[in-house]
Amino acid sequence: KHLLQPLSILTTFSQPAAPKQPIKQLAMVLLPSDRLDSLFSPRCVWVNGPIIIGAGPSGLAVGASLREQGVPYIILEREDCIASLWQKRTYDRLKLHLPKQFCQLPRMPFPADYPEYPTRRQFIDYLESYAATFDVKPEFGSTVQSARYDETSGLWRVHSSSAASGEMEYIGRWLVVATGENAENVVPDIPGLDGFAGEVAHVSEYKSGEKYKGKRVLVVGCGNSGMEVSLDLCDHGALPSMVVRDAVHVLPREVMGKSTFELATLLMAWLPLWFVDKVMVFLSWLILGNLAGFGIRRPAIGPLTLKNKYGKTPVLDTGALAKIRSGDITVVPGVSRFTKSRAELTDGTALDLDAVVMATGYRSNVPQWLQGTDFFGKDGYPTTAFPNGWKGQSGLYSVGFTRRGLSGASADAVRIAKDLGQVWREETKPTTKRAAGACHRRCISVIF
């Protein structure tokens with residue numbers, strides 16, 4: 001059994017003229033027929049290039065960048081479309097929080113007629129156009145069950161399943177993890193939530209506040225999604241309350257007509273981070289005022305330091321604060337428990353409710369399927385500090401995990417493509433003399 005385990009790997013390293021028949025004949029002698037069928041079945045795919053997991057913006061950026069380097073690849077995507085988070089799990093009013101120049105993917109800017117903050121629909125159209133321009137064609141409906149590096153063969157073995165083709169194994173030298181930070185919903189375990197009689201939805205299921213008109217809705221979470229959902233509920237005539245349990249930085253989206261993010265980026269090029277933090281906090285106080293009276297406390301750590309160290313993104317105000325000041329959005333402390341029709345709060349008060357929206361974010365799912373490596377920690381992020389978190393060992397790469405948004409993902413995609421492109425060109429250089437029995441992995445493109 002142990003002798004024959006790598007037999008299928010050995011066949012792929014044969015020269016094109018060398019048949020795999022002798023190995024198969026050996027297997028026929030030593031293996032039962034059912035084991036033989038699985039070994040040489042059409043369910044083993046040899047990938048002539050990197051295997052990319054995920055067809056969101058990060059995966060698309062890697063694919064496009066690899067194509068420019070002349071490196072073939074395959075992209076496995078569990079959903080039936082690219083950028084499934086944006087297409088299936090975002091609310092209608094969503095816009096990019098940063099100006100479009102900070103969100104574009106490599107080699108293709110946004111259309112000139114797009115606004116500074118493109119809408120959800122515009123961003124999806126941009127991604128579809130990007131995939132078409134660079135001929136990025138993922139294998140949709142392929143859910144990765146596991147990925148492990150095989151020390152014996154020096155190859156990555158990726159097991160996936162799909163409704164169309166069943167169980168498959170993809171084998172190649174390189175693995176690019178591009179599933180991103182938002183692969184799975186996060187829903188905290190709050191006592192009594194299962195027994196709440198009203199509607200409970202995660203923000204990924206929320207589309208519009210239209211169906212909540214006249215209803216008392218509790219939004220659990222005060223990040224960018226929680227703030228915008230609360231604002232959207234107001235605009236549709238609902239009665240929202242928003243849970244603000246911890247301290248949070250709220251910054252104006254723009255300062256004197258200039259993006260706050262753009263201003264911070266400009267200042268960080270010349271000034272130390274701690275000083276830029278102080279400037280941002282001062283501008284926030286100057287424009288938005290002191291928010292403590294409305295139940296919103298500011299953290300002791302500056303907004304940029306908090307983002308860099310802990311990945312906590314500051315909230316960019318798009319109008320929710322005006323509704324909080326007017327009383328249309330009520331800020332409440334944490335929830336201690338739910339009953340059938342109420343939420344009991346940590347300050348001893350209670351709210352009568354009709355619905356709950358959990359704006360509690362997302363998390364990476366990499367630890368569930370990537371095996372045999374400590375490159376990713378239990379939190380689903382690379383353990384190597386920025387800016388080196390894009391490359392691991394044994395041909396492992398990651399993109400979209402730097403907590404630096406689309407611009408960070410694009411930068412990592414370009415780095416990965418250049419790194420792989422260099423290796424690819426070295427290994428595909430024509431040679432004038434080849435030793436007998438030599439084998440080259442560039443020949444791997446067989447589907448058994």
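Throughout, numbering of the chain's residues begins at 1 and tracks the sequence.
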### Query
Which atoms form the tightest heavy-atom contact between I82 and F140, and what is the distance?
N-CE2, 3.5 Å

### Task
Could you tell me whether the side chain of N365 and the main chain of Q368 form a donor-acceptor pair under 3.5 Å?
no

### Task
Could you tell me whether a side-chain N or O of S225 sits under 3.5 Å from a main-chain N or O of G361, the two making a donor and an acceptor?
no

### Message
Tell me whether D232 contacts the main-chain N or O of S208 through its side chain, where contact means a donor paired with an acceptor under 3.5 Å.
### Response
no

### Query
Between the side chain of D412 and the main-chain N/O of S398, is any donor-acceptor distance below 3.5 Å?
no

### Query
Would you say T360's side chain and V186's backbone share a donor-acceptor pair under 3.5 angstrom?
yes

#### Entry: K88 NZ: over 12 foreign heavy atoms closer than 6.0 Å
yes

### Query
What is the distance from atom CE of M227 to atom CD1 of I296, rounded to the nearest 0.5 Å?
4.0 Å

### Task
Could you tell me how the ring of W390 sits relative to the ring of Y397: parallel (under 30°), tilted (30 to 60°) or perpendicular (over 60°)?
parallel

#### Entry: N-O pairing of K207 and D92 below 4.0 Å
no

### Task
Decide, yes or no, whether a salt bridge links D419 with R415 under the criterion of side-chain N to carboxylate O below 4.0 Å.
no

### Query
What is the ring orientation for Y126 with F110, classed by angle as parallel under 30°, tilted 30 to 60°, or perpendicular over 60°?
parallel

### Query
Heavy-atom distance under 4.5 Å between the side chains of D352 and R216, does that happen here?
yes

### Query
Between the side chains of Y114 and Q104, does any donor sit under 3.5 Å from an acceptor?
no

### Message
I need the R297 CZ to N290 CG distance, nearest 0.5 Å.
### Response
12.5 Å

### Query
Of all heavy-atom pairs between S336 and L345, which one has the smallest distance, and what is that distance?
OG-O, 3.8 Å

### Side-chain heavy atoms of V335 within contact of L218, under 4.5 Å
yes

### Query
Do T313 and H249 come close enough that some side-chain heavy atom pair is under 4.5 Å?
no

### Query
Does the side chain of V200 reach to within under 4.5 Å of the side chain of F338, using non-hydrogen atoms?
no

### Query
Would you find more than 12 non-hydrogen atoms of other residues, nucleotides or ligands less than 6.0 Å from D113 atom CG?
yes

#### Entry: Pairwise distance NE2(H159) to SG(C44) - rounded to 0.5 angstrom
8.5 Å

### Query
How far apart are the C-alpha atoms of V177 and F375, what are their side-chain angles, what is the distance that settles it, and do they pass the side chain to side chain contact (heavy atoms under 4.5 Å, CB included) test?
CA-CA 11 Å; V177 180; F375 181 67; over 6 Å; no

### Message
How long is the straight-line distance from OG of S364 back to CD of E184, given to the nearest 0.5 Å?
### Response
8.5 Å

### Query
If we only count heavy atoms from C-beta on, is the P115 to Q122 side-chain gap below 4.5 Å?
yes

### Message
Within the structure provided, determine whether L370 and L175 are in side-chain contact (heavy-atom separation under 4.5 Å).
### Response
yes

### Task
Indicate yes or no for a side-chain donor-acceptor contact from H236 to the backbone of G214 under 3.5 Å, with no hydrogens or angles considered.
no

### Summary
Note: T330 and G327 closest approach over all heavy atoms is OG1-O, 4.2 Å

### Task
Please name the pair of heavy atoms, one in G319 and one in L231, separated by the smallest distance, quoted to 0.1 Å.
O-CD1, 3.9 Å

### Query
Can you check side chain to side chain contact (heavy atoms under 4.5 Å, CB included) on E228 and Y206, steps first, answer last?
CA-CA 11 Å; E228 287 192 343; Y206 179 94; over 6 Å; no

### Task
Measure the spacing between NZ of K323 and CG of L233 and express it to the nearest 0.5 Å.
11.5 Å

## Note on the structure
Taken to the nearest 0.5 Å, the spacing of M108 CE from L127 CG works out to 9.0 Å

#### Entry: Trace of the side chain to side chain contact (heavy atoms under 4.5 Å, CB included) decision for K95 with T318
CA-CA 10 Å; K95 295 182 179 181; T318 58; over 6 Å; no

### Query
Is a salt bridge present between E427 and R173, judged by a nitrogen-to-oxygen distance below 4.0 Å?
yes

### Polar side-chain atom of N182 near backbone of L85 as donor-acceptor pair, under 3.5 Å
no

### Query
For R121, does the CZ atom sit with more than 12 other heavy atoms under 6.0 Å from it, leaving out its own atoms?
yes

### Under 3.5 Å side-chain donor-acceptor pair for Y212 and E199
yes

### Message
For a side chain to side chain contact (heavy atoms under 4.5 Å, CB included) check, start with the C-alpha distance between L98 and L406, then their side-chain angles and the critical distance, and finish with the verdict.
### Response
CA-CA 10 Å; L98 304 180; L406 291 167; over 6 Å; no

Which donor-acceptor pairs under 3.5 Å do the side chains of residues 51-77 make with protein atoms, sequence neighbours left out?
residue, atom, partner, partner atom, Å
S65, OG, A61, O, 2.8
R67, NE, F134, O, 2.7
R67, NH2, D135, O, 3.2
E68, OE1, R107, NE, 2.5
Q69, OE1, R425, NH1, 2.8
E77, OE1, A55, N, 2.8
E77, OE2, E79, N, 2.9

### Task
Output yes when a side-chain donor or acceptor of Y91 lies under 3.5 Å from a complementary backbone atom of G209, and no otherwise.
no

### Query
Should Q101 and P109 count as side-chain neighbours, where that means a heavy-atom distance under 4.5 Å?
no

### Query
Between M280 and A264, what is the shortest heavy-atom contact and its length?
SD-CB, 4.0 Å

### Main-chain N/O of E169 paired with R157 side-chain donor or acceptor, under 3.5 Å
no

### Query
Which heavy atom of S161 sits nearest a heavy atom of Q145, and at what distance?
OG-NE2, 2.7 Å

### Neighbour count >12 (heavy atoms, 6.0 Å) for atom CD, E210
no

### Query
Are the side chain of S129 and the backbone of D125 linked by a donor-acceptor contact shorter than 3.5 Å?
no

#### Entry: Beyond-backbone contact of I329 with F294, side-chain heavy atoms, under 4.5 angstrom
no

